[in-house]
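Just the heavy atoms: all of them, side chains too, but no hydrogens, waters or symmetry mates, feed the values below.
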Amino acid sequence: MDMSITWPEGFEEFVRAHTDSLWRQAWLLTGHRQDAEDLLQETLTRLGLGWARIDQDRQPLAYARTTMSRLHISRWRAARRRVQHVLGREPEVGHNDRRDLGAVEDRAEIHGLLATLSPRERAVLVLTYLLDLPDEVVADAIGAAPGTVRSLRSRALARLRADAPAELTVETPAERGLS
C-alpha cells in the first residue's frame, strides 16, 4: 500500500528553496527545536494542501510566513486556555505581555543564556515570568515544593546575571517596577 503524497507542481521546488528561511522563523517564534520542527511541518503541510488556491504571483513565501505566524499564535492561545483551565481563571498579564519592556535586539543571545539553565530552572522562569503563575502552581507543574521553586528561580536568575554580557541587564518585573 503506497501512502506517499503527490504534491502539486511547483510545491517541492518552493520547499527546497525556502525551508531554511522558514525553519529560522519557526525557531525564533518557538525558541525550541522540536516545537519549531512541528510548526514548520504543519505550515508546509497546510501550504501543500492549499497550493492550488495560492496565487503564485502574490509571493507564496509571504503566505507561508503568515500561515506559520497564525499557527504559532493559535498554539500559544491554546496553551493559555489550558493554563486558564488549570487555574480556573484568566492568568494575569505576564512579563512578555507588557508593551513597555522594549525589544530585545539579540534573541539568539537570550536563547543561548537560557540554554545554560537546567530544564527545571527554565520551566520555573517561564511559568513565573511569562505566564505569571504563583509559586504553588509552578510547584505543582514541576512536581516540587514551593520552596524549591523559589530556590530554583533564585539560582537561575543568579546564573543569568553572572553570564549575561554587561549591555544585557537581567531584571525581574518587580525589579523594574512592573509588578
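- Listed here is the closest heavy atom pair of Met68 and Ala26: SD-N, 3.6 Å.
- Looking at heavy atoms from C-beta onward, Val15 lies out of side-chain contact with Leu22 at the 4.5 angstrom threshold.
- With sequence neighbours left out, Gln41 forms a side-chain contact (heavy atoms from CB on, under 4.5 Å) with Thr45.
- Scanning both residues, Trp51 and Glu9, for their nearest heavy atoms gives NE1-O, 3.1 Å.
- No side-chain heavy atom of Phe11 sits less than 4.5 Å from a side-chain heavy atom of Pro60.
- Here the shortest heavy-atom pairing between Leu47 and Ala64 reads CD2-CB, 3.8 Å.
- In this structure, CH2 in Trp23 is found 12.0 Å from OG1 in Thr43, a value given to the nearest 0.5 Å.
- To the nearest 0.5 angstrom, Tyr63 atom OH is 11.0 Å from Phe14 atom CZ.
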As a quick check of understanding, evaluate side-chain contact (heavy atoms from CB on, under 4.5 Å) for Leu40 and Trp27, giving each step before the final call.
CA-CA 9 Å; Leu40 176 62; Trp27 186 83; over 6 Å; no
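- Within 6.0 Å of the CD atom in Glu13, the count of heavy atoms belonging to other residues, nucleotides or ligands exceeds 12.
- Residue Val124 comes nearest to Val149 through the heavy atom pair CG1-O, 3.8 Å, listed as atom of the first residue, atom of the second, then distance.
- Across every non-hydrogen atom of Ala139 and Ala145, the tightest pair is CB-C, 3.7 Å.
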For the pair Leu71 and Arg46, evaluate side-chain contact (heavy atoms from CB on, under 4.5 Å) and give the outcome as yes or no after the intermediate values.
CA-CA 10 Å; Leu71 283 170; Arg46 287 186 182 207; 3.4 Å; yes
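- By the salt bridge (charged side-chain N to carboxylate O under 4.0 Å, His left out) test, Arg65 pairs with no residue at all, sequence neighbours left out.
- Under a 3.5 Å cut-off, the side chain of Ser151 and the backbone N or O of Gly147 do not form any donor-acceptor pair.
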I would like to know whether Ser69 and Gln25 meet side-chain hydrogen bond (donor to acceptor under 3.5 Å, both in side chains); could you show each step before the answer?
CA-CA 9 Å; Ser69 296; Gln25 178 183 349; 3.2 Å; yes
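- Legend: residues meeting side-chain contact (heavy atoms from CB on, under 4.5 Å) with Gln59, ordered by chain and number and at least two apart, are Ala62.
- Under the 3.5 Å distance criterion, with hydrogens and angles disregarded, a donor-acceptor pair is assigned to the side chains of Thr128 and Arg153.
- Considering NE2 of His32 and CD of Glu37, their distance stands at 9.5 Å, rounded to 0.5 Å.
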Could you walk me through whether Arg150 and Ser154 satisfy the side-chain contact (heavy atoms from CB on, under 4.5 Å) test, starting with their C-alpha distance in whole Å, then the side-chain angles of each, then the deciding distance to 0.1 Å, before giving a yes or no?
CA-CA 6 Å; Arg150 289 187 287 276; Ser154 176; over 6 Å; no
